Amino acid sequence: MKKIFLSLCSMVFVLSAFAQKYGGSPWVFEAGINAVNVYSVGEDAPQGPFLDEFFNVNDHWNIGLPTVKVARYISDDVFVSVRASFNKLRKWGEFTGDSRVEVDKLTYLGFDAMINTNINNLFESEKVEPFAGLGLGYTWIQEGEYNMLSAANGTDDLVGAATINASVGLKYWFSETIGLSWETTYKHSFEDYLTKHWQHSLGIIFKIEDCTCY
């Protein structure tokens, strides 16, 4: 765990240093909620077909607090970001005749680093800012009935693995410095024992311009 934490800290430092060297654009800070969906991922029951019931918030979305994110623009159209999320998973999918399979509040921890590009050409607006991103992360999910490494060990440990991530999102700026951000991310694990999953986030964003003091 210590090595993983140090690796994530190093990732944050490298991205921040890169942005500091090559960009004079603002920082953006975000705080909000996240929702994890392990059902619509293309796996056998109790998980389901890819994108099936994707917007079924009541049965498949685990909504939790918090998500915090720091982003730095390195040009007008490109920004790097790091995000940390915490959640408790209570819904794991469905079986035939049972629209919601529940689990016992499994702990979820996620850390992600992304490089993103704005696709402003879709909207001729200074307030609406769509974006897409690619990156890497590391996610831990507590073992439960449907994601146990070994049926015989009976443990409830946090099990982690690296993920490759792809996301799309939309920012809406109420003013030059305050706005709202929505992001949907697909996380594909490098290890079979950690389920692939979707994560959505909704947060308030604050933009802070760089300043130089003499």
Side-chain angles (χ1 to χ4, degrees), residues 1 4-37 61-88 107-120 122-123 125-140 160 162-187 197-214:
M1 182 72 74
I4 294 169
F5 177 75
L6 290 175
S7 297
L8 290 167
C9 289
S10 298
M11 188 183 303
V12 173
F13 175 79
V14 169
L15 287 174
S16 298
F18 179 81
Q20 183 70 41
K21 182 175 181 180
Y22 293 103
S25 296
W27 293 89
V28 176
F29 298 89
E30 178 179 340
I33 63 174
N34 73 92
V36 175
N37 176 2
W61 287 28
N62 298 275
I63 299 175
L65 285 166
T67 287
V68 291
K69 181 177 176 181
V70 179
R72 172 66 182 255
Y73 283 84
I74 59 177
S75 73
D76 289 341
D77 297 319
V78 178
F79 62 95
V80 292
S81 61
V82 290
R83 177 178 63 187
S85 304
F86 176 82
N87 207 318
K88 287 286 189 177
T107 297
Y108 175 98
L109 294 172
F111 293 90
D112 306 290
M114 308 281 286
I115 184 164
N116 311 269
T117 180
N118 292 339
I119 42 180
N120 289 329
L122 295 180
F123 297 91
S125 171
E126 295 182 358
K127 291 184 176 293
V128 178
E129 185 181 322
F131 63 91
L134 289 173
L136 299 173
Y138 206 97
T139 296
W140 294 264
T163 62
I164 184 167
N165 306 335
S167 69
V168 292
L170 186 71
K171 297 174 186 174
Y172 182 85
W173 294 101
F174 302 120
S175 68
E176 291 185 357
T177 57
I178 299 176
L180 191 67
S181 179
W182 170 267
E183 185 173 3
T184 292
T185 305
Y186 176 69
K187 298 184 177 182
H197 58 283
W198 295 91
Q199 185 177 30
H200 314 281
S201 64
L202 176 67
I204 299 294
I205 49 178
F206 305 89
K207 184 185 296 184
I208 299 177
E209 299 285 349
D210 283 337
C211 64
T212 303
C213 300
Y214 296 93

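Just so we're clear, the structure is a prediction, and the values are computed from it rather than from any experiment. Numbers for residues simply follow the sequence, beginning at 1. Side chains are part of it too, since the values below use all heavy atoms of this structure and drop only hydrogens, waters and symmetry mates.
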Next item on the list: Output all residues satisfying side-chain hydrogen bond (donor to acceptor under 3.5 Å, both in side chains) with Ser181, sequence neighbours left out; order by chain, then residue number.
Entry: none
Next item on the list: Flag the pair Val82 / Asp112 as yes when at least one side-chain heavy-atom distance between them is below 4.5 Å, and no otherwise.
Entry: no
Note to self: For Ile63 versus Ala35, what's the shortest heavy-atom pair and its separation?
What the structure shows: CG1-CB, 3.9 Å
Notebook entry, point to check: Which atom pair, heavy atoms only, marks the closest approach of Glu30 to Leu202?
Noted result: OE2-C, 4.3 Å
Margin query: Within this structure, what is the CG-CG distance for the pair Asn62 and Asn37, rounded to the nearest 0.5 Å?
Written below: 8.0 Å
Item checked: Side-chain touch Trp140/Thr107, heavy atoms, less than 4.5 angstrom -> no
Next item on the list: Indicate the ring-plane relationship of Phe131 and Phe79, choosing parallel, tilted or perpendicular according to the 30° and 60° boundaries.
Entry: perpendicular
Next item on the list: Could you pull out all residues at least two apart from Asn34 that satisfy side-chain hydrogen bond (donor to acceptor under 3.5 Å, both in side chains)?
Entry: Thr67, Asn87, Gln199
Item checked: Taking every non-hydrogen atom, the tightest pair across Ala166 and Leu134 -> CB-CD2, 3.8 Å
Notebook entry, point to check: What's the spacing between Ile178 CD1 and Lys207 NZ if we round to 0.5 Å?
Noted result: 11.5 Å
Notebook entry, point to check: Atom OG1 of Thr185 and atom CE of Met114: how far apart are they, to the nearest 0.5 Å?
Noted result: 5.0 Å
Item checked: Approximate separation, where rounding is to 0.5 Å, of Ser81 OG and Tyr73 OH -> 10.0 Å
Check: Below 4.5 Å, heavy atoms only, C-beta onward: do Lys69 and Ser201 meet side chain to side chain?
Finding: no
Check: Are any of the side-chain heavy atoms of Phe29 and Ile205 separated by less than 4.5 Å?
Finding: no
Check: With side chains defined as the heavy atoms from C-beta onward, is the minimum distance between Leu136 and Thr163 less than 4.5 Å?
Finding: no
Next item on the list: Determine whether Ser167 and Asn116 make a side-chain contact, defined as any pair of heavy atoms from C-beta on separated by less than 4.5 Å.
Entry: yes
Next item on the list: Quick one: pull up NZ in Lys187 and CG in Asn165 and give me the separation to the nearest 0.5 Å.
Entry: 5.5 Å
Notebook entry, point to check: Would you call the rings of Phe174 and Tyr172 parallel, tilted or perpendicular if under 30° counts as parallel and over 60° as perpendicular?
Noted result: perpendicular
Margin query: My understanding is that only residues two or more places apart in sequence, or in another chain, count here; which of them pass side-chain hydrogen bond (donor to acceptor under 3.5 Å, both in side chains) with Lys127?
Written below: none
